[in-house]
Amino acid sequence: AAAAAAAEAETAEAPFPPPPQPSPQVPREIKLEPLLIDRLGWYQLASTVIAAQLLELGKTHACVAPGSNLARDINAALPTAYSRLAAAAAAGGPDRDAAATILDGARWLWTGAGFVASSDVAVDCPGDLRPYLHGVPSELSAHAGLLKALGVRGAFTADDFARAAASLADDAGGSPLSEERLALAVALAEAASDALTPPALEQQEEVENSESPRSPRPPVVRPPPPPNTVSGSFMLPDSNGVMAPASMLIHNDAEWLLGDDNNGGGGGGGGGAGGGGGGIDVSSLRLVHPSVPASAAEILGARSLRNLYAVDKQSTDRLPCPSAFTLRRLLPAYADAAHVLTDIAEVADAVGARGMEVTLDLRQYPARSLLLPALANFQGPAITIRLIGVSLTPAELSQLLSAAAPFKLRRRAVLFGNGLVSCGHLADVVMATSAGQLCIFDPTGSALGGGGDGGEGKGGGE
């Protein structure tokens, strides 16, 4: 009776039967037939999938520490991926075209320290130009078909080196380059210069056992030089290691023009040409860094120091000009600078000008493409005077700089004015453009040289 009561109590406490306990199961490996796997295409990974994976890897891993675990994993996995892409490139067809479209312009080439695009890689890379330009990675050296299909070129052009130099300048941000970066800038300049140099003609071997040993050889056609689209814009380091466009720099191809204290070059700023011991003060010049070969700097658009100072004699002539000593004697006799305009007005009347315009120009003009670099100091504020309807010859201008009333000018007498002598109260250098010529009168030698011992004048055709 007690047992029956206990059973009834258990039944009352558990109105629902307990859930059945699952029996333990042993995991099993599911094996598929090789024929089924082959029919489903699971043996072959589509080239577009590999290209998409490389695309995402390049987006997220442009730079990778070479010794990191990630770099080791990528080094181990990419050879297989590249081999499958190479097989697809060799087979051709829509899969190759689709993969090329996905990776067009993308970073897909692994360098060991990150992914780069096809435009930054070439089969023949002249030296170590990392991190801007790279040679073909070792994993891809045997896959020429894949490299060609995805836009990797055989060699870089001057435009590629210019793009790399511009990136180097942007990264520097106007600061002087370190020694390592300076060496890279020089290497880029030399590589661009070599790319723009026409290939040398190979020596033709003589044909042995020919019927006529003296028969004329066919004319050798020299290949045209590559187009130079980077001249002037190529970024070069100056003497302080700061990157600048080549057109703003001067390469030193005339060491004898520099004084003993100026061999280090100059970085810019004011300063005129000095006399003295035959040297030139280069404080107003911005020279190319001496590590850059002069030939490379010239090809890339830097100006020549020798050409700037040794101006072609056919384009310039010496003009008579009063010396500083002569002006020091004349100016005290005409000490009133207020008579400058009235003196020039009398000259205008004597030569039959229709009028005279006087302008105070306070602008600072660029100091590029000047006759002489020292003239850069005279491109600032100036008084400009224009005689309307007439032009003066260089000889007449020279006469007016040392004239004293009364004197004759074009058969007319100048009774009161003193020509251009009074201009010495206002300026050290007098420039005049007339009859298609530019005349520069420098009595003190501050622009054309001479050191103040004697006047210097130059005239050149426009």
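Counting from 1, the numbers follow the sequence of the chain as shown.
- Side-chain atoms of H134 and L129, non-hydrogen and from C-beta on, never get closer than 4.5 Å to each other.
- Between the side chain of D238 and the main chain of N240, a donor-acceptor pair closer than 3.5 Å is present.
- Electrostatic pairing of D120 and R163 counts as a salt bridge here, judged by a charged N lying under 4.0 Å from a carboxylate O.
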*asked:* Applying side-chain hydrogen bond (donor to acceptor under 3.5 Å, both in side chains) to Y132 and R130, what does each step give before you reach the verdict?
replied: CA-CA 5 Å; Y132 303 105; R130 296 174 298 176; over 6 Å; no
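- At least one donor-acceptor pair under 3.5 Å links the side chain of T101 to the backbone N or O of D97.
- In this structure the side chain of L55 never reaches within 4.5 angstrom of the side chain of W108, judged on heavy atoms.
- Checked by atom type and distance alone, the side chain of R96 never pairs as donor or acceptor with a backbone atom of A90 at under 3.5 Å.
- With 3.5 Å as the limit, one finds no donor-acceptor pair spanning the side chains of S119 and D160.
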*Walk me through it: do T229 and D159 pass the test side-chain hydrogen bond (donor to acceptor under 3.5 Å, both in side chains)?*
CA-CA 7 Å; T229 59; D159 292 315; 2.6 Å; yes
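- The shortest distance between side-chain heavy atoms of P137 and Y82 does not fall below 4.5 Å.
- Under a cut-off of 6.0 angstrom, the local environment of CD in Q364 is crowded, with over 12 non-hydrogen atoms contributed by other residues, nucleotides or ligands.
- Formation of a donor-acceptor pair under 3.5 Å by the R107 side chain with backbone atoms of V116 is not found in this model.
- H289 places a side-chain N or O within 3.5 Å of a backbone atom of S291 that can act as its donor or acceptor partner.
- Proximity of a side-chain donor or acceptor of S118 to a complementary backbone N or O of L150 within less than 3.5 Å is detected.
- Remark: side-chain polar atoms of S398 are paired, donor with acceptor, to backbone N or O of P320 under 3.5 angstrom.
- With hydrogens and angles ignored, the 3.5 Å screen pairs a side-chain donor or acceptor of N228 with a backbone N or O of V230.
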